[in-house]
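Lettering follows sequence order; numbering is per chain, from 1.
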Protein chains: 2
Amino acid sequence: MGKNRSAPTLNDVAREAGVSTATVSRCLNSPDRVIETTRQRVMQAVESLGYTPNFAARVMAANRSYTIGAIIPTMDNAIFARGLQEFQDQLRQRGYTLLVSSSAYDPEMEREQIRTLVARGADGLLLIGHARDASIYTFLEQHQVPSLVAWSYTPEAQQPSVGFSNIEAMGELAQLVIGAGHRRIAMISGQTSGNDRAQGRVEGVKRAMAQSGLDAATLTLIETDYEIEKGADAFAQLMTLSPRPTVVMCGNDVLAAGALSEARRLGIKVPEQVSVTGFDDIELAEIVSPGLTTVHVPHREMGREAARELTAMVEGKSAGQSVCIKTRLMARHSLAEPPCQ
Amino acid sequence: MGKNRSAPTLNDVAREAGVSTATVSRCLNSPDRVIETTRQRVMQAVESLGYTPNFAARVMAANRSYTIGAIIPTMDNAIFARGLQEFQDQLRQRGYTLLVSSSAYDPEMEREQIRTLVARGADGLLLIGHARDASIYTFLEQHQVPSLVAWSYTPEAQQPSVGFSNIEAMGELAQLVIGAGHRRIAMISGQTSGNDRAQGRVEGVKRAMAQSGLDAATLTLIETDYEIEKGADAFAQLMTLSPRPTVVMCGNDVLAAGALSEARRLGIKVPEQVSVTGFDDIELAEIVSPGLTTVHVPHREMGREAARELTAMVEGKSAGQSVCIKTRLMARHSLAEPPCQ
DNA sequence: TTGTACGCGTTATCAC
DNA sequence: GTGATAACGCGTACAA
């Protein structure tokens with residue numbers, strides 16, 4: 001409020017340097033279009049006044065903000081952190097600033113954040129997953145703000161995406177599980193409603209079962225929030241079943257860590273009595289005991305590719321090309337053959 | 001670029017509704033200052049055109065953005081996530097939007113991000129820790145942007161802060177450690193350069209030692225990045241010492257988790273052969289084995305208080321009041337008496 | 001190479 | 001209660 005009342009403007013710099021505002025503006029935006037001596041004078045004035053361009057004015061005049069927005073479901077989780085850090089670094093190198101906000105897994109909140117970022121002049125948006133109301137995409141189109149979906153790869157979708165196929169990635173892991181001999185499979189999934197990544201992972205398990213001649217309907221499925229405690233609760237619940245599942249496949253490493261922790265509390269040995277798998281291969285997966293057999297997602301690579309593609313879109317160099325990132329299985333010790341009972 | 005070329009403006013809405021732009025503006029900002037019937041007409045036009053106020057223009061005209069910026073050292077880490085999520089929720093309730101960016105623990109980058117956020121019209125800024133170049137505070141003052149320091153409480157500092165005393169918090173834990181009988185104390189600290197939280201934690205250990213009649217100079221100290229692997233490396237290094245330390249106090253839970261993991265790899269039993277402690281009490285601390293004895297930091301409370309105080313400052317209702325958050329010891333199983341050798 | 005002057009979309013101060 | 005209209009600070013044709 002009343003801020004910048006005293007902040008120096010282009011005008012102040014111009015007066016100080018004895019030139020016009022146009023010249024000052026040029027010094028800042030296309031230094032080569034102004035002669036060396038005047039430029040030095042101007043830069044000195046800029047320095048001594050501590051001038052910082054007013055961003056709002058700049059956006060309004062140029063209709064360009066060099067800002068990219070990203071809306072992630074949560075910051076309370078390492079899943080997105082690493083990819084996003086790389087995304088930001090790459091954007092910086094290309095002259096863009098990243099602004100992040102979190103939707104707390106709430107679609108309405110996400111819609112609001114998207115509107116906020118667009119109104120704020122974001123040149124492009126990074127969104128997580130495809131699943132959202134169509135009106136949002138209409139809105140983005142209307143405002144001609146390019147958007148790129150990440151953490152998901154769905155070439156047949158309208159929106160370009162950078163990521164991997166959750167179905168295939170989890171399917172491969174499920175094949176490994178089934179190949180190890182497991183038949184009674186349980187899964188602790190994240191909430192699938194409005195979350196195409198979670199849906200894809202469930203689908204991947206089911207397809208793998210069907211392919212191996214198992215009845216996908218026999219999959220015991222629990223949906224819960226992506227929190228350690230929730231994973232623990234769900235695991236405890238699964239262990240009351242009779243017959244018990246021989247393997248618990250988790251929607252991500254966080255849930256799996258919770259499951260492992262609960263197993264230890266219950267005195268159930270992993271993987272001797274029950275196997276557990278994860279997804280993401282965050283650091284956590286490596287340090288829990290036993291180490292988590294999981295799907296490795298190259299988050300950094302995804303962040304890098306997303307930055308490349310989205311800036312290309314913003315600059316009109318691409319109409320939106322989907323990029324597929326390869327995941328790979330990461331075998332550790334939490335998966336073994338089922339107990340021979 | 002060329003964005004919003006087709007986006008509807010106040011003018012379009014005004015024309016559609018058959019009123020002036022002033023009336024449309026009022027409908028949006030002070031609905032009670034306009035008669036019911038016209039308001040309905042206007043809102044209908046807003047709806048049908050899919051109008052979204054242009055933020056840059058609004059900021060420029062009102063000199064107020066209802067935006068708060070936060071610059072955190074990293075997103076690649078759960079430490080800040082929880083407090084920040086609560087901070088954002090509280091801000092939302094008060095009508096503000098939070099924009100986050102990460103400095104990757106780089107002072108120059110932090111400076112740049114601060115300038116960016118200020119130029120962008122942020123009404124206030126949340127910064128982590130006190131340690132930064134004085135010129136930054138000068139800059140903020142010049143632009144009359146209130147700033148609040150979090151994750152640190154230093155009432156004697158110029159800047160108001162919301163947080164806890166890292167010195168005292170770690171000091172209490174160190175007293176617990178010493179009280180358990182430990183004399184050969186090692187510490188794996190985060191990089192202390194430019195990081196007053198890390199410095200405070202080291203200082204806390206040293207003071208506790210001195211108070212207990214131990215020579216603080218005997219503290220074996222390793223500084224490293226806040227990463228799991230770095231914690232593991234540092235722990236391995238400490239275990240080569242002779243005589244070995246009987247306890248390894250870590251600068252945060254992430255480092256401690258790395259230490260624990262390395263101990264298991266080396267076949268060193270915790271806490272029987274060596275004790276380990278952490279700091280922060282993130283979820284990780286609970287699920288590693290053995291559970292981490294650590295300092296519990298009420299991140300949510302900190303986020304809440306920070307939001308309250310910063311908005312008060314922005315609205316001119318407070319000149320900047322520091323708030324002290326109480327941490328508490330969280331005893332689990334990674335700390336025990338030293339082995340009686 | 002540099003300066004003049006207009007427009008970007010809002011809010012806010014006036015009159016009406 | 002509502003409508004003109006002047007800012008807000010910057011970029012950029014266009015002119016010099």
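A 4.5 Å side-chain heavy-atom check between B:Gln321 and B:Glu309 finds at least one atom pair inside the cut-off. Taking the side chain as every heavy atom from C-beta outward, B:Phe55 and B:Thr97 never approach each other to under 4.5 Å.
For A:Asp133, the salt bridge (Lys or Arg N to Asp or Glu O under 4.0 Å) criterion is met by no residue, not counting sequence neighbours.
A:Val59 comes within 4.0 angstrom of nothing in the nucleic acid, heavy atoms only. Heavy atoms of B:Tyr51 sit under 4.0 angstrom from primed sugar atoms or phosphate atoms, though from no base atom.
Each end of the helix from C:dT1-D:dA16 to C:dC16-D:dG1 gets its own axis from five base pairs, and the two axes differ in direction by 30°, given to 10 degrees.
Rounding to whole angstrom units, CD of residue A:Glu36 and C1' of C:dT2 are separated by 16 Å. Atom-to-atom, CZ of A:Arg15 to P of C:dG3 comes out at 15 Å; the value is rounded to the nearest Å. Distance, B:Arg120 CZ to D:dG9 P: 18 Å, rounded to whole Å. Rounded to whole angstrom, the span from the CG atom of B:Asn54 across to the P atom of C:dG7 amounts to 17 Å. Here the P atom of nucleotide C:dT11 and the CG atom of B:Leu10 are 6 Å apart, to the nearest Å. In this structure, the CG atom of A:Asp12 is 9 Å from the P atom of D:dG9, given to the nearest Å. As a whole-Å value, the separation of A:His143 NE2 from C:dC8 P is 17 Å. Straight-line distance from the CE atom of B:Met60 to the C1' atom of D:dC10: 8 Å, rounded to whole Å.
For A:Thr21, the listed nucleotide lying nearest its side chain is C:dA5; candidates were D:dC10, C:dA5, C:dT10. Comparing atom distances between the A:Arg58 side chain and each of C:dT10, D:dG9, D:dC10 picks out D:dC10 as nearest.
A heavy atom lying under 4.0 Å from DNA chain D marks none of the residues of residues 38-45 of chain A. Taken residue by residue, residues 22-35 of chain A places heavy atoms nearer than 4.0 Å to DNA chain D at A:Ala22, A:Ser25, A:Asn29.
Sparse packing is recorded around OH of A:Tyr66, with 12 or fewer heavy atoms of other residues, nucleotides or ligands lying under 6.0 Å away.
Screening residues 34-52 of chain A for salt bridge (charged side-chain N to carboxylate O under 4.0 Å, His left out), with sequence neighbours left out, gives A:Glu36-A:Arg39.
Here B:Arg111 pairs with B:Glu108 in a salt bridge; the nearest charged N to carboxylate O distance falls below 4.0 Å. Ion pairing between a basic and an acidic side chain is recognised when a charged N comes within 4.0 Å of a carboxylate O; B:Asp89 and B:Arg92 show no such pairing. Between B:Glu301 and B:Arg304 there is no salt bridge, since none of the side-chain N atoms of the basic residue sits less than 4.0 Å from a carboxylate O of the acidic one.
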(request) Before giving the answer on side chain to side chain donor-acceptor pair (under 3.5 Å), spell out for B:Gln90 and B:Glu86 the whole-Å C-alpha distance, their side-chain angles and the decisive distance to 0.1 Å. (result) CA-CA 6 Å; B:Gln90 291 292 325; B:Glu86 180 71 18; 3.2 Å; yes
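Between A:Thr9 and D:dG9 there is no side-chain polar atom (N or O) within less than 4.0 angstrom of OP1 or OP2.
In this structure, A:Ser101 contributes its side chain and A:Gln113 its backbone to no donor-acceptor pair below 3.5 Å. Looking at A:Thr67, its side chain never comes within 3.5 Å of a backbone N or O of A:Ala122 through a donor-acceptor pair.
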Compile the donor-acceptor pairs under 3.5 Å between side chains in residues 148-158 of chain B and protein atoms, sequence neighbours left out, one pair per line.
{"residue": "B:Thr154", "atom": "OG1", "partner": "B:His130", "partner atom": "ND1", "Å": "3.2"}

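Mapping B:Val19 and A:Ala57 onto DNA chain D by nearest heavy atom places B:Val19 at the nucleotide closer to the 5' end.
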